[in-house]
Trainee: 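Pasting a structure here, questions to come.
Here is the naming used below: chain letters follow the sequence lines, and residue numbers restart at 1 for every chain.
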Number of protein chains: 2
Amino acid sequence: MTNATRTWGGTTLADRRADRRRRLVEAGIELLGGGDSTAVTVRAVCRTARLTERYFYESFADRDALMLAVYEHVAESARQAILDAVTRVADTDPEEQARAAVRAFVELLIDDPRKGTVLLLVPITEPALNKRGAELLPTFTAMIRDRLPDGYDDVHRELTATSLIGALTYLFISYLDGSLDVPRERLIEHAVGMLVAAASPPDATS
Amino acid sequence: MTNATRTWGGTTLADRRADRRRRLVEAGIELLGGGDSTAVTVRAVCRTARLTERYFYESFADRDALMLAVYEHVAESARQAILDAVTRVADTDPEEQARAAVRAFVELLIDDPRKGTVLLLVPITEPALNKRGAELLPTFTAMIRDRLPDGYDDVHRELTATSLIGALTYLFISYLDGSLDVPRERLIEHAVGMLVAAASPPDATS
DNA sequence: TCCAACTGAAAACGATCGTTGTCACTGTAC
DNA sequence: GTACAGTGACAACGATCGTTTTCAGTTGGA
């Protein structure tokens, strides 16, 4: 049996367990960030984290549990980054808030492209995440749909929100893998422009 | 040694070989259409095609060769469907041509959702296709980029074309997996509307 | 000091995969 | 009818994977 209070090497068991878990998740990000989810084997994760398989199953029931934890960890950091950026400019107009959100997201991807890959590519790639994991994009879609003006019917709002998320996702993916070679500021401005245009109420157009 | 002219069961060797290859590709579409590329094992393909492994390697050097052939087959059918639809209305205005192209593509997806999955989802999923196979989306992107009005600079056109492809792709993916529950005609009209709006020259906007 | 908890490395197990090889059988040409 | 190309079912091989187990060493509390 284990003893959570007993100290070992200056730390408690719970601390060491948490540290090992953190290293495993970080190793998962590192490997999953390469874009090839088949490279994320239990052995590779353990080797990257400099741990043995025994400690893998100390923190995760199976490989899928790690996948889920990795995705959730990255998604949570993205949510936090966006939320922080928006609340930091909560007293400005909606366009400025959209700009702050997009900028925070893009800078997160640039600071750590692995996270961008995990966030945008892996939910589609990995069967373990197809069902339970890929809830970030639908969440964003619903957020945008609910912020669209009332001038349109529900179908139009759903179509517009879905289109926006698809456009933003593909923009970021292309920017990440280098196939979209544009200045960062132009990318941000374009993304913000689409959001703002969609948020403005309909006037003369159909 | 083989003898291509000798008849067997009323057909020549070349005919039987071609027929077996066709059945293998069809089995690949069937399995890959499920969205899980790991389900496409050599054994599963052969079982679906009611052939044995020996005939698999008669037509394909290895598993990746089949993957490529499946993708190319589906992509070619999509290209043909779009091209046929556009040429059929070659004498109408560009908006009507865009409508015909989108309608042809959407109807292809509806007639055979497996093809839509292969076309839109698999190039990202399957490592064997990440490099060589996924050339359909960049091709479409370039096609759209070159058809955008001259009023913008190259960066804007690149951003707009990429956004459009991303939006269309995600729209179709969402429509295919049922998460975008809208009437088919609305989907087509929305897609056409985006294309037409992007193709119209800039006026008062930046 | 002694014992039990903890650690690290690696072997082992069963499953599945891609790929190749074997073997008995069937239809066709001569 | 005999030899042989073609066929179909399946075993076999080596590799890799997820997962479990073993085992020798190390650390800290009693």
Side-chain angles (χ1 to χ4, degrees), chain A residues 1-25 27-28 31-32 34 36-70 125-129, chain B residues 1-25 27-28 31-32 34 36-70 125-129:
Chain A
M1 281 298 109
T2 63
N3 183 340
T5 62
R6 178 178 179 181
T7 93
W8 193 276
T11 64
T12 75
L13 170 65
D15 285 345
R16 278 169 285 131
R17 266 183 45 121
D19 181 58
R20 285 193 286 258
R21 189 193 152 91
R22 216 177 309 117
R23 286 161 62 190
L24 288 167
V25 171
L31 292 172
L32 217 47
D36 180 12
S37 68
T38 67
V40 190
T41 68
V42 174
R43 283 179 175 84
V45 169
C46 292
R47 187 157 33 82
T48 304
R50 298 186 186 281
L51 290 172
T52 61
E53 290 94 331
R54 194 151 56 87
Y55 293 113
F56 184 95
Y57 294 98
E58 175 196 49
S59 285
F60 303 100
D62 49 27
R63 177 180 174 276
D64 287 359
L66 172 79
M67 292 289 187
L68 214 63
V70 167
T125 301
E126 179 62 26
L129 296 177
Chain B
M1 277 300 109
T2 61
N3 185 342
T5 62
R6 176 176 180 182
T7 96
W8 193 274
T11 63
T12 76
L13 171 63
D15 285 344
R16 278 170 283 131
R17 266 182 45 119
D19 181 59
R20 285 193 286 259
R21 188 193 152 93
R22 217 177 309 117
R23 286 160 64 190
L24 288 167
V25 170
L31 292 170
L32 217 47
D36 180 10
S37 67
T38 68
V40 190
T41 68
V42 175
R43 282 178 175 85
V45 169
C46 293
R47 187 158 32 81
T48 304
R50 298 186 186 281
L51 291 172
T52 62
E53 291 93 330
R54 197 151 55 89
Y55 293 114
F56 184 95
Y57 294 98
E58 175 195 49
S59 286
F60 303 100
D62 49 27
R63 178 179 174 276
D64 287 0
L66 172 79
M67 292 289 186
L68 214 62
V70 167
T125 300
E126 180 61 24
L129 297 177

Trainee: Check the interface with nucleotides 9-12 of chain D: list each N/O to N/O pair with the protein under 3.5 Å, or write none.
Mentor:
from, atom 1, to, atom 2, distance (Å)
D/dA12, N6, B/R43, NH2, 3.2

Trainee: Look up atom OG in A/S59 and atom CZ in A/R22, then write down how far apart they are to the nearest 0.5 Å.
Mentor: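 Here the rounded value is 10.5 Å.
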Trainee: Does A/R47 reach a base, just sugar-phosphate, or nothing at all? Heavy atoms under 4.0 Å.
Mentor: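 It contacts nothing in the nucleic acid.
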Trainee: Which nucleotide wins on minimum distance to the side chain of A/T41, given the candidates C/dG18, D/dT19, D/dG18?
Mentor: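 Of the candidates, D/dG18 comes closest.
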Trainee: Can you measure B/L66 atom CG to C/dG18 atom P for me and round it to whole angstrom units?
Mentor: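 Answer to the nearest Å: 10 Å.
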Trainee: With a non-hydrogen cut-off below 4.0 angstrom, is B/F56 in contact with a base, only sugar-phosphate, or nothing?
Mentor: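 Nothing, no heavy atom under 4.0 Å.
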Trainee: Rounding to an integer number of Å, can you tell me how far A/Y57 OH sits from C/dC13 P?
Mentor: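 After rounding, the reported distance stands at 17 Å.
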Trainee: Working note: B/L51 + B/F56, criterion side chain to side chain contact (heavy atoms under 4.5 Å, CB included); need CA distance, chi angles, decisive distance, verdict.
Mentor: CA-CA 8 Å; B/L51 291 172; B/F56 184 95; over 6 Å; no
Trainee: Rounded to the nearest 0.5 Å, how far apart are CZ of B/R23 and CZ of B/R50?
Mentor: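 These two atoms lie 8.5 Å from each other.
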Trainee: Take atom CG of A/D19 and atom P of C/dG8, then tell me their distance rounded to the nearest Å.
Mentor: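 Taking CG of A/D19 and P of C/dG8, I get 11 Å after rounding.
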Trainee: Kindly indicate, with the supporting measurements, whether the criterion side chain to side chain contact (heavy atoms under 4.5 Å, CB included) is fulfilled by A/D64 and A/L68.
Mentor: CA-CA 6 Å; A/D64 287 359; A/L68 214 63; over 6 Å; no
Trainee: Could you state the CZ-C1' distance from A/R16 to C/dG8, rounded to the nearest angstrom?
Mentor: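 Between C1' of C/dG8 and CZ of A/R16: 14 Å.
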Trainee: Step by step, would you call A/R63 with A/V45 a side chain to side chain contact (heavy atoms under 4.5 Å, CB included)?
Mentor: CA-CA 10 Å; A/R63 177 180 174 276; A/V45 169; over 6 Å; no
Trainee: Assign B/R17 to base, sugar-phosphate, or nothing according to its heavy-atom contacts below 4.0 angstrom with the strands shown.
Mentor: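 Contact class for B/R17: none.
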Trainee: Run the side-chain hydrogen bond (donor to acceptor under 3.5 Å, both in side chains) test against A/E53 and tell me which residues pass, sequence neighbours left out.
Mentor: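 For A/E53, no residue satisfies side-chain hydrogen bond (donor to acceptor under 3.5 Å, both in side chains) once neighbours in sequence are set aside.
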Trainee: B/D62 has an atom CG; how far is it from atom C1' of D/dG14, in whole Å?
Mentor: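 Going from B/D62 (CG) to D/dG14 (C1'), I get 17 Å.
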Trainee: Strictly below 4.0 Å, N to O, side chains only: are A/R16 and A/D19 in salt-bridge contact?
Mentor: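 Salt bridge: no.
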Trainee: Between B/E58 (CD) and D/dG8 (C1'), how many Å, whole number?
Mentor: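 In whole Å, D/dG8 C1' and B/E58 CD are 13 Å from each other.
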Trainee: Rounded to the nearest Å, what distance is computed from the OH atom of residue A/Y55 to the P atom of nucleotide C/dA5?
Mentor: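 Those two atoms, OH and P, are 14 Å apart.
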